[in-house]
Structure formats: C-alpha cells, structure tokens
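Working notes, structure below.
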Amino acid sequence: MGCLNFSPSKTTLAPIFLLLLFCITNIAEAFNLTTIAFDEGFSHLFGDGNLVRSPDGRNVRLLLDRYTGSGFISSSLYNHGFFSAMIKLPADYTAGICVAFYTSNADVFEKTHDELDFEFLGNVAGKPWRFQTNLYGNGSTSRGREERYRLWFDPSKEFHRYSILWTSRNIIFYIDEVPIREVVRKEEMGGDYPSKPMALYATIWDASNWATNGGKVKANYKYAPFVSDYKDLVLEGCPVDPIQEFPFSACYESDSRIANKDYSAVTPSRRAAMRKFRQRYMYYSYCYDIIRYPVPPPECVIDHDEQRRFKDTGRLKFGGSHKGQKRRSRRRDRNPVSEDPDI
C-alpha cells in the first residue's frame, strides 16, 4: 500500500496529515507471521457449498446467496493469542451485508460468553464500507463497547490484513500494521474483560435488519453471490480445553512468546499512526457517549482534544458522513447506538 493510496474517491483532495498517516503505515515493518493452511487450523461452520477452498488449501472463499451465508471456525479454542487473516470484501452493492471476523466462546458459554469483533458493514454501490470493533466479557452484552469507523482504502479492491491481539493485559485491533484500537485491562472492568478461551470465526451473512442505515436499506440478491476472500491465515496462541480448570498453567510459555512478538509492541510510530487513524476515521465511540454512559467505562482513556469533536451521543459533531450509528448483534439485540442518517 503506497503513501498515495487514499480513499477511493477524491484522493487528490486528501489533507497533508492523511499523507503522513499512510507514510507512517509504510514505515512500519510487516509482522513476522507464520501462516497456516485452512485444514491445519479451521473447519467449515455453516453454509453448505458456500465455502470454497483453493486447490492448495491455503485460501478460502465465503459466499452469501439468497439461501444462506457461510462461515468457518478454528478447530480449537485459545487462551489468549494473535488471530489474523488477509481479507478482501465483496464489491459493488453490498447493503445489508455483514462480514464478521471475530473471536467468541458463545457456543460453550452461552450466557456468559466473551467476544472480540471486527464487523464490516456493507453499503449501496458507490458508498464505502464501514466497520466496527467491539468486545464483551462474561456475557456483558448490555454494556457494549462499540467503536465505528471508515477505512482509508477500498477493502474490496485488494487484500488487507485484519488482526486481533488478545492477552491478559490488553487487546489490540490491527489493520495491516496499524493499531486502530487498544483496550488496556483495568481491574475495575471485572468480568467485562474477556477471560475465557475463545475460537476464531469468519462469517458472511444477511444483516438487513440493522447493517445499513438502520435496516432501511436491505440486501439485494440481484447482486448475489456476495463474496469475501481469506488467505494467509494466522492462529498464534495456546489451544486449550475450555472446560478444564482455570488457570491454564500450560499457557504461560505461549503467553510469554506472544508478549515478545513484534505485534505486541505499540511502538511510537504505531501509536502515532493509531492516533491519526482515530482522528480521521473514527465516527462513533462509546467512551464519548455520555447519554449512554454518563460515567465512562473504566478502560476509557479520555483524550480531551478528541472528545471536543464528539457530541454527547458519541457521534462526531461534523465531518460529512462521519456521524452516528446503530449496533445490533449477529445473534441477539444489544444496546442500540444512534443510527447514521446518511447511507
């Protein structure tokens, strides 16, 4: 990705600080990752014939048609880890579509599950994809921690790496080598910090009831099948039996190894890139939604310069299409977030 690979529209008008963001991104050295074939760490989750593997087994394609979506899941659950894939999203008309890349243990701990989310939300033709990150611990779905953003590139044109680092100390969401969000564990979070073993999931599905403009714009199967592609899959962590007794003493060595990896260090250049990303592309943060949370959750680090840009609803005060939004679950309703009036 070059320094001049800006947003897919109006690139020549991009501000100088945006150029700096991309240059910082390029300066960051690529992570040293060990990738695996699909069968080495994953299995088919749902969707009958809508999961297609490449002949060498290293790439996988998920399709959504009018009959079903599709998905895959890691063969093991992990007690902390680094979970990553190169992903290319569907192109053209994608309204009502959700592509999710996330960790969860809801199949094991139905009422007390933990979860870490990337959720990519489709749009009408000519409008950009948006996405959100979120986390839940111990079934705390009534206390969603959503942030919502735009991207600085068209995610349907080429592959980009999306990664989740989860340790006992912190959580980092990455796009390529840019950390876009860090959550540092605070004792006051209690069980809201994810602590039980989780599997990695990737899914594509029809989220017409909430994904685009609050459900006002639905999936249109005239444009089906909708296709998301995955390659260079990474599972680095400690596989465990989720029902064995805590703590997982055998994972100490794995945790130490992950702590010494390059992706665990938020270097000054990466932190500068994260700050610039959030200044330019984050358009909702639960930390600034004082109507929803009069007292910010304990992990929130309030940046007063950043806070001045947001309304009491957590939405930007200005910035074109950088406005509010609504959040609904793949599986259940969760605390709603104000919806974006623009598509």
Short side-chain to backbone donor-acceptor contact, [X] and [Y], under 3.5 Å:
{"X": "Asp114", "Y": "Lys196", "result": "yes"}
{"X": "His304", "Y": "Glu306", "result": "no"}
{"X": "Arg58", "Y": "Thr35", "result": "yes"}
{"X": "Asn50", "Y": "Thr68", "result": "yes"}
{"X": "Ser104", "Y": "Glu115", "result": "no"}
{"X": "Ser70", "Y": "Leu62", "result": "no"}
{"X": "Ser228", "Y": "Pro90", "result": "no"}
{"X": "Asp176", "Y": "Arg161", "result": "yes"}
{"X": "Asp117", "Y": "Tyr102", "result": "no"}
{"X": "Ser208", "Y": "Ala219", "result": "yes"}

Just by distance, with hydrogens left out, do [X] and [Y] show a side-chain donor and acceptor under 3.5 Å apart?
{"X": "Thr167", "Y": "Arg169", "answer": "no"}
{"X": "Tyr221", "Y": "Asp206", "answer": "yes"}
{"X": "Ser156", "Y": "Asp154", "answer": "yes"}
{"X": "Tyr174", "Y": "Ser84", "answer": "no"}
{"X": "Glu299", "Y": "Tyr193", "answer": "no"}

So, do [X] and [Y] sit near enough that their side-chain heavy atoms are less than 4.5 Å apart?
{"X": "Tyr263", "Y": "Ile258", "answer": "yes"}
{"X": "Leu121", "Y": "Arg148", "answer": "yes"}
{"X": "Ile175", "Y": "Leu151", "answer": "yes"}
{"X": "Tyr286", "Y": "Pro297", "answer": "yes"}

Next on the checklist: Run Phe72 and Tyr230 through ring pair (Phe, Tyr, Trp, His ring centres under 6.0 Å) and show every step you take.
Outcome noted: CA-CA 11 Å; Phe72 61 85; Tyr230 305 79; 5.4 Å; yes
Hydrophobic cluster membership, [X] vs [Y], 4.5 Å side-chain cutoff:
{"X": "Ile302", "Y": "Ile291", "result": "no"}
{"X": "Tyr162", "Y": "Ile180", "result": "yes"}
{"X": "Ile204", "Y": "Trp129", "result": "yes"}
{"X": "Val227", "Y": "Val99", "result": "no"}
{"X": "Val217", "Y": "Phe226", "result": "yes"}

Next on the checklist: Looking at Asn32, I want to see if its CG is surrounded by more than 12 non-hydrogen atoms of other residues, nucleotides or ligands under 6.0 Å.
Outcome noted: no
Checklist entry - So with a 6.0 Å cut-off around OH of Tyr67, is the heavy-atom count from everything else above 12? => result no
Rounded to the nearest 0.5 Å, what separation is found between the [atom1] atom of [X] and the [atom2] atom of [Y]?
{"X": "His80", "Y": "Met198", "atom1": "NE2", "atom2": "CE", "value": "8.0 Å"}
{"X": "Phe42", "Y": "Leu235", "atom1": "CZ", "atom2": "CG", "value": "3.5 Å"}
{"X": "Arg185", "Y": "Glu187", "atom1": "CZ", "atom2": "CD", "value": "9.5 Å"}
{"X": "Asp229", "Y": "Met86", "atom1": "CG", "atom2": "CE", "value": "11.5 Å"}
{"X": "Trp210", "Y": "Cys98", "atom1": "CH2", "atom2": "SG", "value": "4.5 Å"}
{"X": "Tyr288", "Y": "Cys300", "atom1": "OH", "atom2": "SG", "value": "8.0 Å"}

Item to check | Derivation and outcome, salt bridge (Lys or Arg N to Asp or Glu O under 4.0 Å), residues Arg278 and Asp303 | outcome: CA-CA 11 Å; Arg278 295 171 68 82; Asp303 182 324; over 6 Å; no
Next on the checklist: His160 and ring-ring contact (aromatic ring centres under 6.0 Å, His included): which single residue from Phe131, Phe101, Phe153 fits?
Outcome noted: Phe153
Checklist entry - How close do Arg270 and Phe31 get, heavy atom to heavy atom, and via which atoms? => result NH2-CE2, 3.2 Å
Checklist outcome for this item: Of all heavy-atom pairs linking Asn105 and His113, the shortest is OD1-CA, 3.1 Å
Checklist entry - So, is the end of the Arg181 side chain (NZ or CZ) under 6.0 Å from the ring centre of Tyr149 and within 45° of the ring's axis? => result no
Checklist entry - Is the closest basic N to carboxylate O distance between Glu146 and Arg292 below 4.0 Å? => result yes
Next on the checklist: Can you tell me how the ring of Tyr281 sits relative to the ring of Trp152, calling it parallel under 30°, perpendicular over 60° and tilted otherwise?
Outcome noted: tilted
Item to check | Validation row, ring centre Trp166 to ring centre Tyr78 under 6.0 Å | outcome: no
Next on the checklist: Determine whether Ser163 and Val234 satisfy the following criterion, side chain to side chain contact (heavy atoms under 4.5 Å, CB included), listing intermediate values before the conclusion.
Outcome noted: CA-CA 9 Å; Ser163 308; Val234 176; over 6 Å; no
